[in-house]
S.K.: 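Structure provided below as structure tokens; questions to follow.
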Amino acid sequence: MLPSSARTSPARRALRAGLAAVAAAAATGVLGGCSSGPAGSPPPPPSRTPASSASSASSTGSAALDERSRGTTVRVTAGTLIVVRLHGAYWSTPASSNPRVLTPVGGGTTATATCPPGRGCGTSSARFTALRPGTVHITAQRDSCGEAMRCPPGQGRYDVTVTVTRQHGQPSGTHS
């Protein structure tokens, strides 16, 4: 009796090879999608604030920060509105290290209604107003970077240094 591989017709072997190739391509696509972003969420939209070590607020009096701003220093003037938007519902609400320099004026976590369980879809955001000159940190933390997935080193903490300078024409003394 012939071995089973010898009894299989060439057409059947070609069909099996084709199905195996399709299955391998599908598995690669699925696994590749899992590593594309935090908690499988879509990548964040482009930030309007450059992620450099000394970026500054735009002339409109506001600055937008996201994940790409992590580890940077942002220089703003007193009176500037800073909006922080972190993509993923696993982040804590961003907080200021000194509310007398950078005071919170709103924020929270918003989940996406169509998010599959465990994906962490949504945003954690905060709005701050720069009150007076000083240097502060905006920080947020997360323990999970996906369903039952601990964050790799360096991915569980968000920290941006904000240096607030006085507005042009503002006296350099301290006024309440």
S.K.: For P133 versus V101, what's the shortest heavy-atom pair and its separation?
M.R.: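 Smallest heavy-atom distance, with atoms named: O-CG2, 4.2 Å.
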S.K.: Please test D159 against I138 for side-chain contact (heavy atoms from CB on, under 4.5 Å), starting from the C-alpha separation and ending with a verdict.
M.R.: CA-CA 6 Å; D159 189 342; I138 297 175; over 6 Å; no
S.K.: Can you confirm whether F128 sits close enough to V164 that some side-chain heavy atom of one is under 4.5 Å from a side-chain heavy atom of the other?
M.R.: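 Result no, sub-4.5 Å side-chain heavy-atom pair not found.
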S.K.: Distance-only, no hydrogens or angles: does the T72 side chain make a donor-acceptor pair with backbone N or O of S69 under 3.5 Å?
M.R.: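 The answer is yes, because a donor-acceptor pair under 3.5 Å joins these two groups.
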S.K.: Closest approach of P99 and L131, non-hydrogen atoms and distance?
M.R.: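 Taking every non-hydrogen atom into account, O-CD1, 3.9 Å.
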S.K.: Quick one: does S92's side chain have a donor or acceptor within less than 3.5 Å of a partner on Q141's backbone?
M.R.: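 At least one qualifying donor-acceptor pair exists.
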S.K.: Say you draw a straight line from OH of Y90 to OG of S124; how long is it, rounded to the nearest 0.5 Å?
M.R.: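 The distance works out to 13.5 Å.
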S.K.: Less than 4.5 Å apart, any side-chain heavy atom of V162 and any of T135?
M.R.: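 Not in contact.
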S.K.: How long is the span from the OG1 atom in T161 to the CZ atom in R75, to the nearest 0.5 Å?
M.R.: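 T161 atom OG1 to R75 atom CZ measures 9.5 Å (nearest 0.5 Å).
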S.K.: Measure across P94 and A126 and return the closest heavy-atom pair with its distance rounded to 0.1 Å.
M.R.: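 Shortest heavy-atom separation between P94 and A126 comes out as O-CB, 3.5 Å.
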S.K.: Using only atom types and a distance under 3.5 Å, with no angle test, would you say the side chain of T123 pairs donor to acceptor with the backbone of S125?
M.R.: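 Looks like no, no N/O pair under 3.5 Å.
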S.K.: Is it the case that the side chain of R132 and the backbone of L102 share a donor-acceptor pair, with hydrogens and angles ignored and the cut-off at 3.5 Å?
M.R.: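 Checking the backbone N and O of L102 against the side chain of R132, no donor-acceptor pair under 3.5 Å is found.
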S.K.: Just do the side-chain contact (heavy atoms from CB on, under 4.5 Å) check on R85 and L65 with the steps written out, would you?
M.R.: CA-CA 6 Å; R85 186 169 287 118; L65 306 176; over 6 Å; no
S.K.: Taking all atoms of both residues into account, what is the closest heavy-atom pair of W91 and Q155, and its distance?
M.R.: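 So the minimum-distance heavy-atom pair works out to CH2-O, 3.7 Å.
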S.K.: Could you grab the distance from atom OG1 of T139 to atom CZ of R157, nearest 0.5 Å is fine?
M.R.: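 The CZ atom of R157 is 5.5 Å from OG1 of T139, to the nearest 0.5 Å.
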S.K.: Where do D66 and L86 come nearest, in terms of heavy atoms and distance?
M.R.: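 That would be C-CD2, 4.1 Å.
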S.K.: Between A130 and T77, which heavy-atom pair has the shortest distance, and what is it?
M.R.: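 Closest pair (atom of A130, atom of T77, distance): CB-O, 3.7 Å.
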S.K.: Determine whether T73 and T163 make a side-chain contact, defined as any pair of heavy atoms from C-beta on separated by less than 4.5 Å.
M.R.: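 With C-beta onward as the side chain, the pair touches.
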S.K.: Do other residues, nucleotides or ligands put more than 12 heavy atoms under 6.0 Å from R150 CZ?
M.R.: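 Counting neighbours around CZ of R150, 12 or fewer heavy atoms of other residues, nucleotides or ligands fall under 6.0 Å, so no.
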S.K.: According to a hydrophobic-cluster definition based on side-chain heavy atoms being under 4.5 Å apart (Ile, Leu, Val, Met, Phe, Trp, Tyr only), do V105 and I82 belong together?
M.R.: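 No: no chain of side-chain contacts under 4.5 Å links V105 to I82.
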S.K.: Would V76 and T165 count as a side-chain contact (heavy atoms from CB on, under 4.5 Å) if you check the C-alpha gap in whole Å, the side-chain angles of each, and the deciding distance to 0.1 Å?
M.R.: CA-CA 6 Å; V76 300; T165 60; over 6 Å; no
S.K.: Could you walk me through whether V74 and V160 satisfy the side-chain contact (heavy atoms from CB on, under 4.5 Å) test, starting with their C-alpha distance in whole Å, then the side-chain angles of each, then the deciding distance to 0.1 Å, before giving a yes or no?
M.R.: CA-CA 7 Å; V74 180; V160 172; 3.9 Å; yes
S.K.: Is the CZ atom of R70 crowded by more than 12 outside heavy atoms at less than 6.0 Å?
M.R.: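 Correct, the count exceeds 12.
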